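Contents: one structure, followed by commentary.
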2 protein chains.
Amino acid sequence: MNDMERRRAPTRTDVARLAGVSTAVVSYVTNDGPRPVAAATREKVLAAMRELDYRPNAVARALRLQRAQAVGLVVPDVSNTYFGALARELSNQAFTAGYALLLGDSDDDPDRERAQIESLVSHQIDGLIIVSLAPDSVADVNGTPTVYLNQRSQPGQLSVIVDNEGGARLAVSHLVEHGRRRIAHLGGREGAPGADERRAGWAAALAAAGLTADPALVRTAEYSRVAGHEAAAELLTRAPRPDAVFVASDVQALGLLAAARELGISVPHDLAVVSFDGTDDAVFSDPPLTAVEQPVPAIAEAALQAVLGQAAPAAGGLVPVRLVVRASCGCPPGH
Amino acid sequence: MNDMERRRAPTRTDVARLAGVSTAVVSYVTNDGPRPVAAATREKVLAAMRELDYRPNAVARALRLQRAQAVGLVVPDVSNTYFGALARELSNQAFTAGYALLLGDSDDDPDRERAQIESLVSHQIDGLIIVSLAPDSVADVNGTPTVYLNQRSQPGQLSVIVDNEGGARLAVSHLVEHGRRRIAHLGGREGAPGADERRAGWAAALAAAGLTADPALVRTAEYSRVAGHEAAAELLTRAPRPDAVFVASDVQALGLLAAARELGISVPHDLAVVSFDGTDDAVFSDPPLTAVEQPVPAIAEAALQAVLGQAAPAAGGLVPVRLVVRASCGCPPGH
DNA sequence: CTGTTAGCGCTTTCAC
DNA sequence: GTGAAAGCGCTAACAG
């Protein structure tokens, strides 16, 4: 017997026939309703299902019910640790709630993002979670409930938004408290999730400290190790060199750390660093990164609830973040 | 107009009515066959589709055709950089081939793995790619073509297998060439993808060098930064301490690097390290990790082809790997 | 408590 | 070159 041969899967009709009941009863049993079934009958049906190794066809069910018991997720790059953690959390929470997860990687390309969305929507998903590259990506989703992460797009559009600006201010103020004065910013591309707000927070914190937000101290790059490395190499070789950097993502910070090492710049002594995300990347880097931590499970939960209609996300409410102090900012180990 | 209201999506019937043709013709147009359509008619249909913003219902199509144009992927943990890279690659390749990707994170739990598989299969996916925790996870997939990654499971079972043992031998031999003698192994859990073969390769390379594979020099852990850190802390505090470690994954190596730092052990001077995977984690760590590199795009392509039936993976063929030398092994920077 | 049956949106054979 | 209609597997209203 080759398990690979695509034999026709048993259907509800087969089960009904074997159990000697109607197909409706099989339905009532598998769905526990909407009509009651006698215990003895139920037993017969269950036995037949076991015998045939029957499993309901989710596609037929989806067609009938107009919902697929599935949600979609589109991210710019799953191999980014933060998006990976988000996907993991979402997969787990969705699964627990009885939903499958369709994943679309937009590969940091707006066109592909749109195409991925189209594809997921055509699969009749019940909800769509988008971490978008383009804030105006209106994406006609054909009525599929959609929530944007870290993107305040159209009015009336659902979104769950992290306190990006507040987090950035936390980070930069902390650097100021360390006595740093030339605080640079290595940020995400304009329009990238959270990027603009994090930059605004950087500028606001500097202003509050009476420092100027020098545009020459800003670099933007894709959220990736490689891009962060490249941008950092440039930022750190200009004179006069910054004495601190607020980085908009852990992965970019990893790239910056590597660049600093190559240039013989000691972190935190010569250069204090605080990043954003707070994934395991921040915990195990050298030195460990002081970072604004995003509560991934809470974010995933909020997004899922928003999209599955259990609860609209608190309008205007921001997901709170906190600063987790490690070594890259210059705080003593004991802290 | 609120885009969120779930208005009924236009169906092929709506298009047919608006275009003044039969539903069959609409089908012929969307699918470019199987019957020809007059140019003028086609134009009318296309116009109607545009006007209604029609998009075919993939679920109905799947039910009819008995294939969903979707493939499933189950991994132990998407937030592991290697699995993340794999998911990214697979999402992109599948998308390009016209397939959606259903992602299941098994959360390093065999029960959940089985449940995730069940769920994906019930969604009528056309193929299933599993990176399994349990080698004997026979998983009745109801006839869905299934390929295991790095897991030689049942005979007749499709699998794409990396040259884990060969890669491990490469890694360990390299350490031997550096003059290391007490070469430890920080591996994956028994049965974890590639774990047993990598350990075997470690032992084989030691034997070939006339060294003994001391079981006391072996630790196993989950493929994660945290678990790698914990196991490494234990391994590096026992006396006499190893002078080199072959680590079975990049993420574990990151944990080990952190542990070494905490213990004041200098890498590569006091401890040479080579890991397996060769993701960006290896490129940007401190020091950068010499690693056995897995060709993720090739692996993804092989898995996809195997499962979509374009080509059976070369029986007994192993995906070749190569050793990428960076700094953690002790090679001079110029190398 | 159980059975019959319409119909979800789509593809495709068969007739015109 | 175009249309009518059957049927994919399932649910649930309705009838008994």
Side-chain angles (χ1 to χ4, degrees), chain A residues 6-46 48-49 52-70 121-126 142-143, chain B residues 6-45 48-49 52-70 121-126 142-144:
Chain A
R6 242 209 192 295
R7 63 180 176 292
R8 221 179 100 306
T11 76
R12 182 217 42 178
T13 310
D14 301 322
V15 175
R17 182 162 35 235
L18 180 58
V21 300
S22 81
T23 60
V25 172
V26 179
S27 242
Y28 302 152
V29 170
T30 55
N31 303 338
D32 238 344
R35 317 260 20 171
V37 174
T41 316
R42 147 171 281 112
E43 227 6 275
K44 272 192 306 186
V45 173
L46 290 174
M49 299 201 312
L52 295 175
D53 190 22
Y54 166 77
R55 58 202 81 191
N57 181 328
V59 170
R61 189 166 206 276
L63 178 60
R64 179 62 233 242
L65 297 181
Q66 301 292 320
R67 72 192 134 81
Q69 292 292 92
V121 166
S122 78
H123 280 269
Q124 305 299 104
I125 50 176
D126 305 312
N142 212 36
Chain B
R6 246 226 190 279
R7 61 180 179 291
R8 222 179 98 309
T11 75
R12 183 217 40 179
T13 309
D14 300 322
V15 175
R17 184 164 31 236
L18 180 59
V21 301
S22 79
T23 60
V25 173
V26 180
S27 241
Y28 302 153
V29 171
T30 56
N31 303 337
D32 240 343
R35 315 254 25 170
V37 174
T41 316
R42 147 172 281 112
E43 228 6 276
K44 273 193 305 185
V45 172
M49 300 204 309
L52 295 175
D53 190 23
Y54 167 77
R55 58 203 80 193
N57 181 327
V59 169
R61 187 165 208 277
L63 178 60
R64 176 63 232 241
L65 297 181
Q66 302 291 321
R67 72 193 135 83
Q69 291 292 92
V121 167
S122 78
H123 280 268
Q124 305 299 104
I125 50 175
D126 305 313
N142 212 32
T144 306

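Keep in mind that what you see is a predicted model, and the values were worked out from it rather than measured. Convention: sequence-line order gives letters A, B, ...; per-chain numbering from 1.
- A:Leu65 has its CG atom 11 Å from the P atom of D:dA13, to the nearest Å.
- Between the P atom of D:dA5 and the CZ atom of B:Arg64 lies a distance of 16 Å, rounded to the nearest Å.
- Within 4.0 Å of A:Val21, counting heavy atoms only, lie sugar-phosphate atoms of the nucleic acid but no base atom.
- Rounded to a whole Å, the CD atom of A:Gln124 is 10 Å from the C1' atom of C:dC8.
- Heavy atoms only, all atoms of each residue included: A:Ala19 and A:Val45 are closest at CB-CA, 4.0 Å.
- Considering only side-chain N and O atoms, B:Arg61 lies under 4.0 angstrom from the phosphate OP1 or OP2 of C:dT11.
- Between B:Glu43 atom CD and D:dG1 atom P the separation is 16 Å, expressed in whole Å.
- A sub-4.0 Å separation between OP1 or OP2 of D:dG9 and a side-chain N or O of A:Thr11 is absent.
- Closest approach of B:Leu63 to A:Asn57, counting heavy atoms only: CD1-ND2, 4.4 Å.
- For B:Pro10 against B:Leu52, the heavy-atom pair with the smallest separation is CG-O, 3.4 Å.
- Counting atom types as modelled, B:Tyr28 pairs a side-chain N or O with a base atom of D:dG3 as donor and acceptor under 3.5 Å.
- Residue B:Arg17 contributes atom CZ, which lies 20 Å from atom P of D:dT2 at whole-angstrom precision.
- Of the listed nucleotides (C:dT4, C:dG9, C:dT12), C:dG9 has the atom at the smallest distance from the side chain of A:Gln66.
- Mapping B:Pro36 and A:Tyr54 onto DNA chain D via the closest heavy atom, the residue that lands nearer the 5' end is B:Pro36.
- The side-chain heavy atoms of A:Arg61 and B:Val59, taken from C-beta on, include no pair separated by under 4.5 Å.
- Counting only heavy atoms from C-beta on, A:Thr41 has its side chain closest to C:dT2 among C:dT2, D:dG3, D:dC8.
- The two residues B:Thr23 and B:Thr13 come nearest to each other via the heavy atoms CG2-CA, 4.1 Å.
- Closest to the side chain of A:Ala38, out of C:dC1, D:dA12, D:dC10, is C:dC1.
- Residue A:Val26 is classed as having no contact, given no heavy-atom separation below 4.0 Å to the nucleic acid.
- Residues B:Arg17 and B:Thr11 form no side-chain contact, since every pair of their non-hydrogen atoms from C-beta on lies 4.5 Å or further apart.
- If you measure from atom CZ of A:Arg12 to atom P of D:dG9, you get 9 Å, rounded to the nearest angstrom.
- Here the P atom of nucleotide C:dC1 and the CG atom of A:Asp32 are 13 Å apart, to the nearest Å.
- Of all the heavy atoms in B:Lys44 and B:Val21, the pair that sits closest is NZ-CG1, 4.4 Å.
- Nearest to the side chain of B:Thr30, among C:dT11, D:dC10, D:dT11, sits C:dT11.
- Contact check, A:Thr13 against D:dG9: no side-chain N or O comes under 4.0 Å of OP1 or OP2.
- Rounded to whole angstrom, the span from the CG atom of A:Leu63 across to the P atom of C:dT11 amounts to 12 Å.
- Contact annotation: B:Asn31 reaches the phosphate of C:dT11 (side-chain N/O to OP1 or OP2, under 4.0 Å).
- In the helix from C:dC1-D:dG16 to C:dC16-D:dG1, the end axes, each obtained as the rotation axis mapping the C1' atoms of four pairs onto the next four within a five-pair block, lie 40° apart to the nearest 10 degrees.
- The shortest non-hydrogen separation linking A:Tyr28 to A:Val37 is CB-CG2, 3.5 Å.
- Among D:dA4, C:dC14, D:dG9, the nucleotide with an atom closest to any side-chain atom of B:Ala24 is D:dA4.
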